[in-house]
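As the structure is a prediction and not an experimental result, all values here were calculated from the model. For the single chain, residues carry numbers from 1 onward in sequence order. Numbering of ligands and ligand atoms starts at 1, following listing order. Worth knowing before you read on, the calculation uses all heavy atoms, side chains too, and leaves out hydrogens, waters and symmetry mates.
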Amino acid sequence: MSRHSTDPARRLRRMHDELERAYGPQRWWPAETPIEVILGAYLTQNTSWKAVEVSLANLRNAGALNVEGLRALSIEHLRDLIRPSGFYTRKAPAIKAFIAMLDAEFGGSLDKLGDTPTAALRDRLLALPGVGTETADAILLYALGHPVPVADEYLRRIAVRHGLLDPAPGKNRKGYEALVQLTRSAFAFDPDANYAQLFNDFHALTVAVGKAYCRKTPDCAHCPLAADLQMSRKEQKKA
Ligand code: SF4
């Protein structure tokens with residue numbers, strides 16, 4: 001791969017390599033079991049992970065950090081337990097709808113759910129209430145091990161700032177899918193790659209750099225991606 005390629009996908013791959021050199025391999029999701037990951041993906045919508053941890057601790061103490069426990073909880077009790085993560089009147093029925101789908105279509109088995117082909121499973125998850133693209137992809141990748149990229153706000157911000165992504169579609173479905181496509185293209189050069197692992201690491205790396213440097217006011221001077229940003233600006237001047 002040319003060191004100076006201006007192709008957005010190649011540049012994004014090179015940025016991944018740069019971040020991997022800076023931070024090392026990640027293997028990351030701040031939760032333990034598949035059902036905990038799924039709950040986390042619902043609960044983290046519009047709230048911090050710290051708030052999610054309080055809700056997960058409540059669920060654990062109530063013996064409901066598993067499919068059986070969630071099934072047995074009343075909706076009112078579930079609402080109370082996840083109240084710390086906010087939007088609980090919307091999130092509780094959404095979690096219940098997931099369990100109902102799991103029971104009705106997959107015999108209550110997360111393994112059977114995970115055996116569904118990726119595209120069909122993504123569509124099924126997206127048809128559930130309270131599941132947008134990022135939630136569906138986080139469940140697919142982190143809970144069920146499917147090779148899909150998770151294109152979150154950290155990655156969107158980095159891609160826009162580096163001129164890799166047209167900011168016009170914004171944060172809507174079209175903008176999200178464009179970012180997913182860009183990420184897929186970035187990793188399309190290695191036929192032997194373990195894509196679930198690559199997308200897992202890539203997401204973790206972009207979260208790491210996003211939290212440390214690419215905040216609302218970016219700290220580009222100290223960021224591992226500063227060289228790419230400079231190159232991008234030079235290219236923009238030439239154009
Ligand atoms: S902080 Fe600057 S160099 Fe780092 S990712 Fe954000 S825009 Fe790029």
Side-chain angles (χ1 to χ4, degrees), residues 1-30 40-41 44-52 132-135 137-138 141-142 147-190 193-239:
M1 187 187 309
S2 160
R3 225 95 181 109
H4 302 292
S5 172
T6 55
D7 173 71
R10 284 174 182 264
R11 275 185 51 212
L12 191 62
R13 176 58 191 254
R14 203 172 55 220
M15 286 161 72
H16 161 272
D17 297 346
E18 213 51 71
L19 290 174
E20 199 174 45
R21 269 193 289 280
Y23 292 110
Q26 303 288 300
R27 311 290 132 79
W28 169 89
W29 175 270
T44 198
Q45 295 167 5
N46 304 305
T47 195
S48 69
W49 190 259
K50 270 193 182 353
V52 173
T133 42
E134 190 182 329
T135 302
D137 289 340
L141 178 64
Y142 288 107
V148 298
V150 175
D152 67 2
E153 177 56 18
Y154 290 113
L155 177 58
R156 198 189 75 81
R157 184 183 278 173
I158 293 165
V160 167
R161 283 177 172 168
H162 284 245
L164 302 176
L165 184 77
D166 177 5
K171 299 176 188 178
N172 59 22
R173 173 90 184 252
K174 201 172 157 205
Y176 183 92
E177 298 295 357
L179 196 47
V180 163
Q181 195 43 52
L182 175 67
T183 308
R184 282 194 185 285
S185 304
F187 290 96
F189 306 109
D190 182 356
N194 175 341
Y195 282 102
Q197 198 167 297
L198 267 176
F199 292 144
N200 180 326
D201 265 7
F202 183 57
H203 182 221
L205 289 166
T206 53
V207 170
V209 77
K211 282 187 172 168
Y213 302 105
C214 205
R215 299 182 295 260
K216 206 168 170 192
T217 305
D219 178 10
C220 299
H222 301 100
C223 179
L225 297 180
D228 183 87
L229 187 68
Q230 272 179 5
M231 194 200 79
S232 156
R233 287 179 176 158
K234 272 188 204 152
E235 291 299 327
Q236 278 169 13
K237 270 189 196 157
K238 272 195 231 160

N, O or S from C220 under 2.8 Å to atom 4 (Fe) of ligand 1: no

Backbone of A41 reached by a side-chain donor or acceptor of T44 within 3.5 Å: no

Salt-bridge contact R13-D17 (side-chain N to carboxylate O under 4.0 Å): yes

C214 near atom 6 (Fe) of ligand 1: N/O/S under 2.8 Å: yes

Check: R157 side chain, G210 main-chain N or O, donor-acceptor pair, under 3.5 Å: no

Which residue and heavy atom of the protein sit nearest atom 4 (Fe) of ligand 1, plus the separation: C223 SG, 2.3 Å

Subset of ligand 1 atoms that lie under 4.0 Å from at least one heavy atom of L225: 3 (S), 5 (S)

For Y213, the ligand 1 atoms whose distance to one of its heavy atoms is below 4.0 Å: 1 (S)

Ring pair (Phe, Tyr, Trp, His ring centres under 6.0 Å) assessment of F187 paired with Y195: CA-CA 8 Å; F187 290 96; Y195 282 102; 7.2 Å; no

Residue pair E18 / R21, side-chain heavy-atom distance below 4.5 Å: yes

Sub-4.0 Å heavy-atom contact, V209 with ligand 1: no

Atoms in ligand 1 flagged as close to R161, the criterion being non-hydrogen separation under 4.0 Å: 7 (S)

Side-chain donor/acceptor of Y154 to backbone N/O of K211, under 3.5 Å: no

Region of H162 that comes within reach of ligand 1 [heavy atoms, distance under 4.0 Å]: side chain

Ligand-side contact atoms (ligand 1) for residue partner P218, heavy atom cut-off under 4.0 Å: 1 (S)

R14 side-chain N/O to D228 backbone N/O, donor-acceptor pair under 3.5 Å: no

